[in-house]
Student: 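One structure coming up, written as structure tokens, with questions to follow.
As a basis for the values below, the full set of heavy atoms in this structure was taken, side chains included, without hydrogen atoms, waters or symmetry mates. Note that the structure is predicted; figures quoted are calculated from it, not measured.
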Amino acid sequence: MAMFVLVLLLLCPLHLDPLTSALFLLFSALDQKNITAKPGENITLPCRAPSSTNITVVEWIRPDLRPEYVFLYRSMQDDPDNQHESFKERVELEDSEMKDGNVSLVLRNVTTGDRGTYECHIVQGKTNRSNNEPISTIYLDVKLGECECKHKLIHPVENLESRICKTHDEPLEFFCGVDHMFICGSCKDSDHKSHKTVTVEEEAQMKRTQLGIDMNDTDQMIRVRQQKIQEIQDSVEASRNNAAKALSYSMPVMTAVVEYIKKSQAELTEVIETKKKKIETEAEGFIKELEEEIMQIKQKNLQEISMLCDPDLKKMEQHAVDVTLDPDTANPWLIVSEDGKQVTHGDRKRNLPNKPERFDHVLNVLAKEGFSSGKFYYEVQVKEKTHWDLGVAKESINRKGDIRLSPQNGYWTILLKKGYGFTANAGPAINLHVREMPQKIGVFVDYEEGQVSFYNVDSRAKIFSFTGCNFTEKLFPFFSPCQDDLVICKLKVTEKNLKLELQRVKYHQ
């Protein structure tokens, strides 16, 4: 019996509560603030101590300087002797009494030499100086005024025409923050005179800065989850070792005793195996959840990158096709306009023939035009709509009963639903984050490349792409207005695409 108790004690590390608790630990890092100023301005570098009691030392430093002190307060007074020469008589605490822990620093008459990273350190009471980490980190960027040159060199590009203004034949050197488009100097002084504009370099720098912050955050999140996966795997391995050790101790005991011990051995083995399987099952579940989170984080990161202004949208618009709705596929609750450009949810269910191509349960409708090669592009008006699905579907899809939209079932679509936001119906669904709600959606398909992409036409930003698809049959534009209505936009169709369109219509008939 003593050996039996020893075996049970060895099983204690198998208890799962600490493992489960470890999955929900959060790690936080200090946020670096960014401040932009112009030469000659007075600015405040914000910092607040955890409490206002017993602050004995305040240090504002720039690690790249020697000496590094921008401002030093100790022994109940300012200490200018160790201060860097460039900051003397230009800095002071915003509140000399440091009420409510306010140790913010006022910097007067900013110069370009003030650009850099500033750290705020404090000592309260008898805090060990070697462990004193910054309580605030701020990057100060000093920008000069705009250059008034009329001509400017640009980096070599493959398609120079796309970087030249079509109206004034000048380089697109500015970005309009109101219309979200690249403009030239003449556009800036005329149509966009009252708009907020910045240079292309400034806009790119802001995008790169934001992207760098987001990528650092996502990398940290991925590292934390990978560490948790390793901890779970180590715990599972320890559980296996403990189980094997427990079994090795139990065998000589069970052989030395009578039927009662044999029975106990069987029961103990069953308990061990059950517990081991339970731990492995739960661990596999945790690992799967973390791996899915990593996939979503990576997907979000890719999406954020693609949400920058996409100059390739102009090329995709050249593949515009004329799309019309097929009333023979429309659910009986849906009404298709005579020109085939609008679908509306009716106030009653119509009595229509139940054709094989008609959706009988879900509120879906397909276009008349199908595509089995090449590239095509179309746009749909979704302004002020709160619930819809858009995309493409293959010809052999199931159209009867309840339908789940996913690539496995032949649908490549995105969804907007009020209260839930944007979703890519990727099976499993992927939550999409957009900077602004689209008014018009552009859908582009490259049949041979296996790509289906969705764009916010007004901001010219990519929303999501299905890639690596293997299309083997005809694809049809897909629409689901739910309780609203959807309108297909009329686009300018090139002569080449018009010929292809006529061939498709003839084949369809």
Side-chain angles (χ1 to χ4, degrees), residues 323-337 339-350 352 354-371 376-432 434 437-445 452-457 463-466 469 474-489:
V323 175
T324 54
L325 298 168
D326 185 356
D328 290 338
T329 66
N331 180 278
W333 282 95
L334 301 179
I335 300 174
V336 177
S337 62
D339 62 357
K341 294 297 184 180
Q342 182 173 3
V343 57
T344 307
H345 188 281
D347 56 0
R348 61 182 179 83
K349 184 177 182 180
R350 296 176 296 160
L352 298 174
N354 188 18
K355 297 182 179 181
E357 62 268 27
R358 188 181 304 282
F359 292 94
D360 65 347
H361 183 68
V362 291
L363 301 173
N364 299 342
V365 61
L366 298 179
K368 290 182 179 180
E369 297 77 18
F371 304 87
F376 63 94
Y377 173 85
Y378 64 95
E379 295 179 357
V380 182
Q381 185 75 34
V382 297
K383 182 178 181 181
E384 298 178 356
K385 313 304 178 188
T386 59
H387 191 179
W388 48 260
D389 293 85
L390 287 176
V392 295
K394 64 182 183 181
E395 186 174 22
S396 63
I397 54 172
N398 175 34
R399 311 185 188 195
K400 306 301 179 184
D402 194 14
I403 299 172
R404 181 176 181 181
L405 303 183
S406 69
Q408 293 81 0
N409 295 332
Y411 296 87
W412 293 267
T413 61
I414 62 173
L415 160 71
L416 173 66
K417 186 173 182 181
K418 186 175 182 181
Y420 295 90
F422 263 111
T423 303
N425 298 317
I430 298 175
N431 294 327
L432 305 178
V434 296
M437 189 58 63
Q439 307 295 308
K440 189 184 297 181
I441 298 294
V443 182
F444 173 76
V445 177
V452 181
S453 297
F454 300 87
Y455 292 86
N456 181 338
V457 177
I463 298 174
F464 184 76
S465 285
F466 292 95
C469 308
K474 189 178 294 185
L475 299 177
F476 290 83
F478 170 88
F479 309 84
S480 179
C482 299
Q483 302 297 324
D484 287 320
D485 65 308
L486 295 175
V487 179
I488 301 174
C489 302

Student: Checking the side chain of Q381 only, and the main-chain atoms of Q439 only, is there a donor and an acceptor separated by less than 3.5 Å?
Tutor: yes

Student: Indicate the atoms forming the closest heavy-atom contact of D485 with T344, along with that distance.
Tutor: CB-OG1, 3.7 Å

Student: Looking only at atom types and distance, does a side-chain atom of S337 sit under 3.5 Å from a main-chain N or O of Q342, one as donor and one as acceptor?
Tutor: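 Checking the backbone N and O of Q342 against the side chain of S337, a donor-acceptor pair under 3.5 Å is found.
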
Student: What's the separation between atom NZ in K394 and atom CH2 in W412, rounded to the nearest 0.5 Å?
Tutor: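 One finds 6.0 Å between NZ of K394 and CH2 of W412.
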
Student: Please tell me if the side chains of D484 and E384 come closer than 4.5 Å, counting only heavy atoms from C-beta onward.
Tutor: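 Heavy-atom side-chain distance check fails, nothing below 4.5 Å.
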
Student: Determine yes or no for a side-chain-to-main-chain donor-acceptor pair under 3.5 angstrom, with R358 supplying the side chain and R399 the backbone.
Tutor: no

Student: Rounded at 0.5 Å granularity, tell me how far NZ in K417 sits from SG in C482.
Tutor: 8.5 Å

Student: With side chains defined as the heavy atoms from C-beta onward, is the minimum distance between N431 and T423 less than 4.5 Å?
Tutor: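 Sidechains of T423 and N431: in contact.
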
Student: Where does the angle between the aromatic ring planes of F464 and F466 fall among parallel (under 30°), tilted (30 to 60°) and perpendicular (over 60°)?
Tutor: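 It falls in the perpendicular class, over 60°.
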
Student: Indicate the atoms forming the closest heavy-atom contact of W388 with L486, along with that distance.
Tutor: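 Scanning both residues completely, I find the closest heavy atoms to be CB-CD2, 4.1 Å.
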
Student: Would you say the side chain of F478 lies within less than 4.5 Å of the side chain of V443, judging by non-hydrogen atoms?
Tutor: no

Student: Can I get a per-line list of side-chain donor-acceptor pairs under 3.5 Å for residues 401-408, giving both atom names and the distance, sequence neighbours left out?
Tutor:
residue : atom : partner : partner atom : Å
S406    : OG   : Q408    : OE1          : 3.3
S406    : OG   : N409    : N            : 3.4
S406    : OG   : N409    : ND2          : 3.3

Student: What distance do K341 atom NZ and T324 atom OG1 have between them, rounded to the nearest 0.5 Å?
Tutor: 6.0 Å

Student: Less than 4.5 Å apart, side chain to side chain, heavy atoms only: is that true for V452 and L475?
Tutor: no

Student: If you compare all heavy atoms of I397 against all heavy atoms of F359, which two are closest, and at what distance to 0.1 Å?
Tutor: CD1-CZ, 3.8 Å

Student: Any side-chain heavy atom of P477 sitting closer than 4.5 Å to one from F371?
Tutor: yes

Student: Quick one: OG1 on T329 to CD on E357, what's the gap to the nearest 0.5 Å?
Tutor: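 If I round to the nearest 0.5 Å, the distance is 7.5 Å.
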
Student: Would V392 and Y378 count as a side-chain contact (heavy atoms from CB on, under 4.5 Å) here? Give the steps.
Tutor: CA-CA 11 Å; V392 295; Y378 64 95; 4.3 Å; yes

Student: Heavy atoms only: give me the nearest P438-I441 pair and the separation to one decimal.
Tutor: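 Shortest heavy-atom separation between P438 and I441 comes out as CB-CD1, 3.6 Å.
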
Student: Do F422 and L416 come within less than 4.5 Å of each other through their side chains, counting heavy atoms only?
Tutor: yes

Student: Run the salt bridge (Lys or Arg N to Asp or Glu O under 4.0 Å) test against K355 and tell me which residues pass, sequence neighbours left out.
Tutor: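 If we apply the salt bridge (Lys or Arg N to Asp or Glu O under 4.0 Å) test to K355, skipping adjacent residues, the hits are D328.
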
Student: Parallel, tilted or perpendicular: which describes the rings of W333 and H345, with under 30° parallel and over 60° perpendicular?
Tutor: parallel

Student: With side chains defined as the heavy atoms from C-beta onward, is the minimum distance between N456 and V434 less than 4.5 Å?
Tutor: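 Contact flag for N456/V434 side chains = no.
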
Student: I'd like to check L363 versus L334 (side-chain heavy atoms, cut-off strictly below 4.5 Å). Are they in contact?
Tutor: yes

Student: For the residue pair V336 and A330, what are the closest heavy atoms and their distance?
Tutor: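 Shortest heavy-atom separation between V336 and A330 comes out as CG2-CB, 4.0 Å.
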
Student: What's the spacing between F479 CZ and N364 CG if we round to 0.5 Å?
Tutor: 11.5 Å

Student: Measure across N398 and Y411 and return the closest heavy-atom pair with its distance rounded to 0.1 Å.
Tutor: O-OH, 3.3 Å

Student: For the CD1 atom of I335 and the CG atom of N331, what is their distance to the nearest 0.5 Å?
Tutor: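 Going from the CD1 atom of I335 to the CG atom of N331 covers 11.0 Å.
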
